[in-house]
There are 2 protein chains.
Amino acid sequence: MTILRSPRLADGTARGIPDATVARLPVYLRALNALAEQGVLSCASGELAEQAGVNPAKLRKDLSYLGSYGTRGVGYDVEYLRYQIAREMGQTQDWDVVIVGVGNLGSALSAYQGFSTRGIRVAALVDADPSRVGTEVSGIVVSPVEQLRAIVAERCISIGVIATPGEAAQEVADRLVEAGITSILNFAPALVQVPDGVDVRKVDLSIELQILAYHEQRKTSTTSRAVKEVGA
Amino acid sequence: MTILRSPRLADGTARGIPDATVARLPVYLRALNALAEQGVLSCASGELAEQAGVNPAKLRKDLSYLGSYGTRGVGYDVEYLRYQIAREMGQTQDWDVVIVGVGNLGSALSAYQGFSTRGIRVAALVDADPSRVGTEVSGIVVSPVEQLRAIVAERCISIGVIATPGEAAQEVADRLVEAGITSILNFAPALVQVPDGVDVRKVDLSIELQILAYHEQRKTSTTSRAVKEVGA
DNA sequence: CCATGTGAATACTTTCACAGCC
DNA sequence: GGCTGTGAAAGTATTCACATGG
């Protein structure tokens, strides 16, 4: 009675796609859309892999977790594969999200063009600041946080975005969870604690730049390091 | 004279800190800053790990790549460890960045409060749209892309941020590279090709939400899966 | 004692290389 | 012949568990 987390169950049913693969499927989807726009009907793993910026073997392995949707000796049907990945990702439906915090970042997110074609719809905006409530941002009227529960229930929203300062993040997360949200994307520079069953992903703008700065530093100090390494 | 860092090459020479560790060091830095603000002078790996949201063993392993900065039986000196990580991350200096694209996202980034305390300074803004050039955003006058090379050279900038629509991303990347930039943070929903020696990190807002949507979808279809798993 | 620092064990990811099928 | 799909190998990352030393 082991709870199988392996990609494949005993009966051969594909289940439990690895995290690393899930993170790449949207990239493949985008690449397939690009190919479809160019009128390409079919493609080999090499072409698709190049479009997606990954190694062809990795691409094939990733796709193999979904099933066998290619044709040996030929490649993949662009439209068919696109549909299969979209289905696996839950993109046959649109996902409504609520954004909490309509400062610079929240406003930018609500105006973001890239969402609509990826099955994401910004359905509601919420802010704690009374001076922002009632204003219109990207065509959506900003609601007070107090209405979060009602909004989430009424519109069946399950994904929330935290775009507030770090200090407010935990309180916002608590409110989102209490309102029934089960997936959170956190842009605030703070860790949030949530109960089991709620997923949180964190995007930290400073950290991305700090990581680049680290590599940058290593590049420019290569000489001194080389000396050290030779000496060791 | 053994300053060898843990991951060794075949000849015993120290290599870089693992990527996964580098990505967490800024998190530890933030946690240490929080502790320092609370007046905490010393902490054990367990406390710091909790603040940072990681397993204590992982924290200790990560820190071990930097050196032995703790005291057995005691823990870590908050200020000392903070300094050591900051030094390793290249945060003893501030890093100037140039943001290309002053739309909603670029404006939000240039106003982002979190950068200054993390050693990041938005030094210049650039846009291809003549109607934006000359306007002031977050106290910085927007320059035309044509001046990119001059700006980068004059201010010794090595990190660039792409905050344009996807279609412009590759051209902007080319211009950044040509201007002398060697690290790029790409927010555009497109892959960019760069020559060797240039680092690119990509943050894709849609993809983060799509990953959440995938897990969300699986949650709501748990019933059928549970049956399947028991059957296996 | 007690918490660090680290080999060893485990888990996950990527890549290789080739059998299998069109 | 050519490309998929996939075991097996190699490479990373995480976690365990305990020797080590203040």
Side-chain angles (χ1 to χ4, degrees), chain A residues 2-9 12-25 27-28 32 40-78 80-81 84-85 88 211, chain B residues 2-10 12 14-25 27-28 32 35 40-78 80-81 84-85 211:
Chain A
T2 45
I3 295 166
L4 294 178
R5 262 212 285 134
S6 59
R8 211 152 269 273
L9 297 181
T13 325
R15 275 297 138 222
I17 299 172
D19 287 349
T21 296
V22 170
R24 281 186 297 264
L25 290 178
V27 178
Y28 303 154
L32 285 165
V40 178
L41 298 177
S42 165
C43 68
S45 64
E47 304 166 61
L48 185 53
E50 190 180 353
Q51 277 277 334
V54 302
N55 168 314
K58 193 193 283 187
L59 172 78
R60 293 201 302 277
K61 181 65 105 181
D62 283 343
L63 295 183
S64 78
Y65 294 122
L66 312 190
S68 292
Y69 297 129
T71 309
R72 286 165 199 250
V74 178
Y76 302 93
D77 180 277
V78 171
Y80 181 58
L81 184 58
Q84 292 299 342
I85 298 178
E88 189 71 41
I211 294 170
Chain B
T2 41
I3 310 174
L4 294 178
R5 267 175 287 216
S6 205
R8 311 269 161 89
L9 264 29
R15 217 204 50 213
I17 298 171
D19 287 349
T21 296
V22 170
R24 282 187 295 264
L25 290 178
V27 178
Y28 303 155
L32 285 166
L35 288 173
V40 178
L41 298 177
S42 164
C43 67
S45 63
E47 304 165 61
L48 186 53
E50 191 180 351
Q51 278 276 334
V54 302
N55 168 314
K58 193 192 285 186
L59 172 79
R60 292 202 303 276
K61 180 66 103 180
D62 283 341
L63 295 183
S64 78
Y65 294 122
L66 311 190
S68 292
Y69 298 129
T71 309
R72 287 169 198 247
V74 178
Y76 302 92
D77 180 278
V78 170
Y80 181 58
L81 184 58
Q84 292 299 342
I85 298 178
I211 294 170

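Quick caveat: nothing in here was measured; it's all calculated off a predicted structure. Residue numbers start from 1 in every chain, and the chains themselves are labelled A, B, ... in the order their sequence lines are given, proteins ahead of strands.
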Asks: For DNA chain D, which residues of residues 40-49 of chain B approach it to below 4.0 angstrom with any heavy atom?
Replies: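 Of all residues in residues 40-49 of chain B, none places a heavy atom under 4.0 Å from DNA chain D.
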
Asks: Please compare R24(A) and D62(B) by the position of their nearest nucleotide in DNA chain C and report the one closer to 5'.
Replies: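 Looking at DNA chain C, the more 5' nearest nucleotide goes with D62(B).
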
Asks: Take atom OH of Y80(B) and atom P of dT4(C), then tell me their distance rounded to the nearest Å.
Replies: 15 Å

Asks: Are L81(B) and L63(B) close enough, and set up right, to give a side chain to side chain contact (heavy atoms under 4.5 Å, CB included), and what steps lead you there?
Replies: CA-CA 9 Å; L81(B) 184 58; L63(B) 295 183; 3.9 Å; yes

Asks: Ignoring hydrogens, what is the shortest heavy-atom contact between V27(A) and A52(A)? Give both atom names and the distance.
Replies: CG1-O, 3.6 Å

Asks: From the list dT13(C), dT14(D), dA3(C), which nucleotide is the closest neighbour of the side chain of R72(B)?
Replies: dA3(C)

Asks: Within this structure, what is the OH-CD distance for the pair Y76(B) and E47(B), rounded to the nearest 0.5 Å?
Replies: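 With rounding to 0.5 Å, OH (Y76(B)) is 11.5 Å from CD (E47(B)).
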
Asks: Does the side chain of Y65(B) get closer than 4.0 angstrom to OP1 or OP2 of dT14(D) through an N or O atom?
Replies: no

Asks: For a quick test of reading the model, state the closest non-hydrogen atom pair linking A49(A) to L59(A) and the distance between them.
Replies: N-CD2, 3.8 Å

Asks: Could you give the CD-to-P distance, from Q84(A) to dT4(D), as a whole number of Å?
Replies: 16 Å

Asks: May I have the distance from Y76(A) (atom OH) to dG2(D) (atom C1'), rounded to whole angstrom?
Replies: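 Checked: the OH to C1' distance equals 13 Å.
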
Asks: Could you grab the distance from atom NZ of K61(A) to atom CG of N55(A), nearest 0.5 Å is fine?
Replies: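 If we round to the nearest 0.5 Å, K61(A):NZ and N55(A):CG are 12.0 Å apart.
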
Asks: Using a cut-off of 6.0 Å, state whether more than 12 heavy atoms not belonging to Q84(A) lie near its atom CD.
Replies: yes

Asks: Could you tell me how far apart K61(A) (NZ) and dA9(D) (C1') are, to the nearest whole angstrom?
Replies: 11 Å

Asks: Can you give me the closest heavy-atom contact between I211(B) and A23(A), atom names plus distance?
Replies: CD1-CA, 3.7 Å

Asks: Quick one: L66(A) CG to dT6(D) P, roughly how many Å, whole number?
Replies: 11 Å

Asks: Where is the tightest heavy-atom contact between Y28(B) and L48(B), given as atom of each residue plus distance?
Replies: O-CD1, 4.3 Å

Asks: For DNA chain D, find the residues of residues 51-60 of chain B with a heavy-atom distance under 4.0 Å and give them by number; none if there aren't any.
Replies: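 Of all residues in residues 51-60 of chain B, the ones placing a heavy atom under 4.0 Å from DNA chain D are N55(B), A57(B), K58(B), R60(B).
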
Asks: Rounded to the nearest angstrom, tell me the gap between atom CG in D19(B) and atom P in dT12(D).
Replies: 9 Å

Asks: Using whole Å, report how far CG of L81(A) lies from C1' of dG5(D).
Replies: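 Going from CG in L81(A) over to C1' in dG5(D) covers 14 Å.
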
Asks: For a side chain to side chain contact (heavy atoms under 4.5 Å, CB included) check, start with the C-alpha distance between L66(B) and L25(B), then their side-chain angles and the critical distance, and finish with the verdict.
Replies: CA-CA 10 Å; L66(B) 311 190; L25(B) 290 178; 4.0 Å; yes

